[in-house]
Amino acid sequence: NAIAHDSNGYTHIIFRENGSSALLYTTNYFAYLNEGEVVWNDAYIGGLWQTTYVNTEASVCGDFDLAIDSNNRLHISYFDQIDKKLKYTTNSSGNAYFESSWVVTSVGDENSGYSNSIAIDSNDKVHISYTDERYSFGNYEWSYNLNYATNLNFEYFGYWNTDVIMDCFGDNDQDEDFAGVFDTSIAIDSNDTIHVAYYNQNTRYDEGLWYASQDKLFKTWENNHIDTDTYAGAYPSIAIDSDSGIHISYSDSYSHSSTNLKYAYSMNGSIWNLSTVDSQSGTGIHPSIVLDVKNNIHISYYDEYNNDLKYAFSSGNNSWELELIESIGES
């Protein structure tokens, strides 16, 4: 699932429907505020929540992400597993309770849209990072390039500029069937500079965690290798603080039995400080990072070894407090 809050404090969540894998949207927009706090009705799952399909076709949905602009309009990117394309949808009113209020368009080529991540700039323009799938007959394997799409230069819905951030080719190891970028995360700072964290594996380039930023004048991309450990960089999540400092949480391996939660920070995108937040094996999977108004760091993540949901907090100086959120069952 993906979650976001609008400027009025209401909650918006998108998630897959069990069985059909269709994309659903729910909000507590009709909940009321009491002295600035949202009053929740948790008596049953319906409560004050309004739920609808994101698109009328109820297509089988792969990866997806959610962002909200300054007018509280929702913007969603997702991979349509039927059309094999990256899709983008938005609701004109900001409060999408009916299927007819969503408008859907395709972005990019066929077999593109895996691992998509969406962000909105100060002018409410949309920016999406994603990967596309290509087969290399020379290397006998599938490769995934890191791509980027935006509607920055267009006033009307459905027009997109696309660009390749990084071409990824296989490393000629026929034991590996797949190579390239498998996870991406995008963020935009207060100057509307675009930042992308991504995980590169089994390619001719150095493997591990990478970071890309776009030159605003020439629209070119600069790629930097952050963590050079072969398997480091899985499931990256990126956030930008009020001083344009870059924060990335990630796992150091795709092998869940040996993963740790790691963290990278840079003031300028070129010099990086790396640290391990939680060194317990089998933890740090699917982390999600967010910064508060004081630039304190908050990370939620999965501990697969204990089947727990965990939380890490830092106010800076690489000092971390770890907390167990949920340990009942497989959380």
When you look at Asp121 and His127, which way does the side chain to side chain contact (heavy atoms under 4.5 Å, CB included) test go after all the steps?
CA-CA 8 Å; Asp121 65 25; His127 305 262; 2.8 Å; yes
So, do Ile76 and Val54 sit near enough that their side-chain heavy atoms are less than 4.5 Å apart?
yes
Shortest non-hydrogen contact from Ile289 toward Ser249
CB-OG, 3.5 Å
Full working for side chain to side chain contact (heavy atoms under 4.5 Å, CB included) between Tyr25 and Leu74
CA-CA 10 Å; Tyr25 161 70; Leu74 276 67; 3.0 Å; yes
Measure the spacing between CD1 of Ile13 and OG1 of Thr27 and express it to the nearest 0.5 Å.
8.5 Å
Determine yes or no for a side-chain-to-main-chain donor-acceptor pair under 3.5 angstrom, with Asp292 supplying the side chain and Asn295 the backbone.
yes
Considering all heavy atoms of both residues, which atom of Ile186 and which atom of Ser117 are nearest to each other, and what is their separation?
N-OG, 3.0 Å
Considering only heavy atoms from C-beta outward, does the side chain of His225 approach that of Asn223 to under 4.5 Å?
no
Could you check whether His247 and Tyr265 have their ring centres less than 6.0 Å apart?
yes
Side-chain donor or acceptor of Ser21 paired with backbone N/O of Val60 under 3.5 Å:
no
Is any side-chain heavy atom of Lys310 less than 4.5 Å from a side-chain heavy atom of Asp278?
yes
In terms of hydrophobic clustering (I, L, V, M, F, W, Y; side-chain heavy atoms under 4.5 Å; direct or indirect links), are Leu274 and Ile240 co-clustered?
yes
Begin from the C-alpha positions of Lys219 and Thr150 and carry the test side chain to side chain contact (heavy atoms under 4.5 Å, CB included) through to its verdict.
CA-CA 12 Å; Lys219 305 300 180 183; Thr150 182; over 6 Å; no
With distance as the sole test, does Lys294 use its side chain to make a donor-acceptor pair with the main-chain N or O of Ser315 at under 3.5 Å?
no
Quick one: closest heavy-atom pair of Thr259 and Ile285, and the distance?
OG1-CG1, 3.7 Å
Check: Tyr199 ring centre within less than 6.0 Å of Tyr235 ring centre
no
Can you hop from Val196 to Ile248 via hydrophobic side chains spaced under 4.5 Å?
no
Partner set under side-chain contact (heavy atoms from CB on, under 4.5 Å) for Ala2, not counting sequence neighbours
Ile14, Phe64, Asp65, Leu66
For Ser129 and Thr184, work out which heavy atoms get closest and say how close.
OG-OG1, 3.2 Å
Please check if any side-chain donor atom of His75 sits under 3.5 Å from a side-chain acceptor atom of Tyr88, or the reverse.
yes
List the steps, then state whether side chain to side chain contact (heavy atoms under 4.5 Å, CB included) holds for Val277 with Leu322.
CA-CA 8 Å; Val277 177; Leu322 307 181; 3.9 Å; yes
Against Tyr311, only a single residue in Glu323, Glu321, Glu326, His298 fulfils side-chain hydrogen bond (donor to acceptor under 3.5 Å, both in side chains); can you say which?
His298
Measuring only between side-chain heavy atoms, which start at C-beta, is Tyr53 closer than 4.5 Å to Leu24?
yes
Report the distance from atom CD1 of Ile3 to atom CD1 of Ile68, rounding to the nearest 0.5 Å.
9.5 Å
Is it true that Lys262 and Asp252 make a salt bridge, defined as a side-chain N closer than 4.0 Å to a carboxylate O?
no
Would you say Trp320 and Ser314 make side-chain contact, with heavy atoms under 4.5 Å?
yes
Asn153 atom CG, neighbour heavy-atom count above 12 within 6.0 Å:
yes
Evaluate whether atom CD of Glu222 has more than 12 neighbouring non-hydrogen atoms of other residues, nucleotides or ligands under 6.0 angstrom away.
no
Whether Lys85 and Asp132 form a salt bridge (side-chain N of Lys/Arg under 4.0 Å from carboxylate O of Asp/Glu) is what I want to check.
no
Looking at OG of Ser327 and CG of Asn306, how far apart are the two atoms once the value is rounded to the nearest 0.5 Å?
9.0 Å
Distance-minimising heavy-atom pair for Ser244 and Ser190:
OG-OG, 4.1 Å
hydrophobic_cluster_shared for Leu261 and Ile246, side chain cutoff 4.5 Å:
no
Heavy-atom distance under 4.5 Å between the side chains of Ile128 and Val126, does that happen here?
yes
Distance from Leu146 atom CG to Ser115 atom OG, nearest 0.5 Å?
8.5 Å
Pick from Phe182, Phe79, Tyr130, Tyr198: which one makes a ring pair (Phe, Tyr, Trp, His ring centres under 6.0 Å) with Tyr114?
Phe79
Quick one: do the Ser213 and His195 side chains pair a donor with an acceptor below 3.5 Å?
no
Check for me, please, whether Leu152 and Ile118 land in the same ILVMFWY cluster - side-chain distances under 4.5 Å, paths through other members count.
no
The criterion is side-chain contact (heavy atoms from CB on, under 4.5 Å); which residues satisfy it with Asp124, sequence neighbours excluded?
Asp69, Ser70, Asn71, Arg73, Ile120
Side chain proximity check, Tyr78 to Asp80, heavy atoms < 4.5 angstrom
yes
Please walk me through it: do Arg134 and Asp109 pass salt bridge (charged side-chain N to carboxylate O under 4.0 Å, His left out)?
CA-CA 11 Å; Arg134 295 289 183 267; Asp109 299 324; 3.7 Å; yes
So which heavy atom on Pro236 is nearest to which on Leu209, and how close?
CB-CD1, 4.1 Å
State whether the side chain of Asp6 and the backbone N or O of Tyr10 hold a donor-acceptor pair below 3.5 Å, judged by distance alone.
yes
Under 3.5 Å, is there a donor on one side chain and an acceptor on the other for Asn318 and Ser275?
yes
Applying the ring pair (Phe, Tyr, Trp, His ring centres under 6.0 Å) test to Trp272, which of Tyr211, Tyr263, Trp210, Tyr250 qualifies?
Tyr211
How far does CD1 of Ile165 sit from OG1 of Thr162, to the nearest 0.5 angstrom?
11.0 Å
In terms of hydrophobic clusters joined by side-chain contacts under 4.5 Å, are Val164 and Val107 together?
no
Would you say the side chain of Asn260 lies within less than 4.5 Å of the side chain of Gln280, judging by non-hydrogen atoms?
no
Tell me whether Ile82 at atom CD1 has more than 12 heavy atoms from other residues, nucleotides or ligands lying less than 6.0 Å away.
yes
Using only heavy-atom distances, determine whether the side chains of Asn147 and Thr131 contain a donor-acceptor pair under 3.5 Å.
no
Measure the OG-CG distance between Ser270 and Asn224 for me, rounded to the nearest 0.5 Å.
7.0 Å
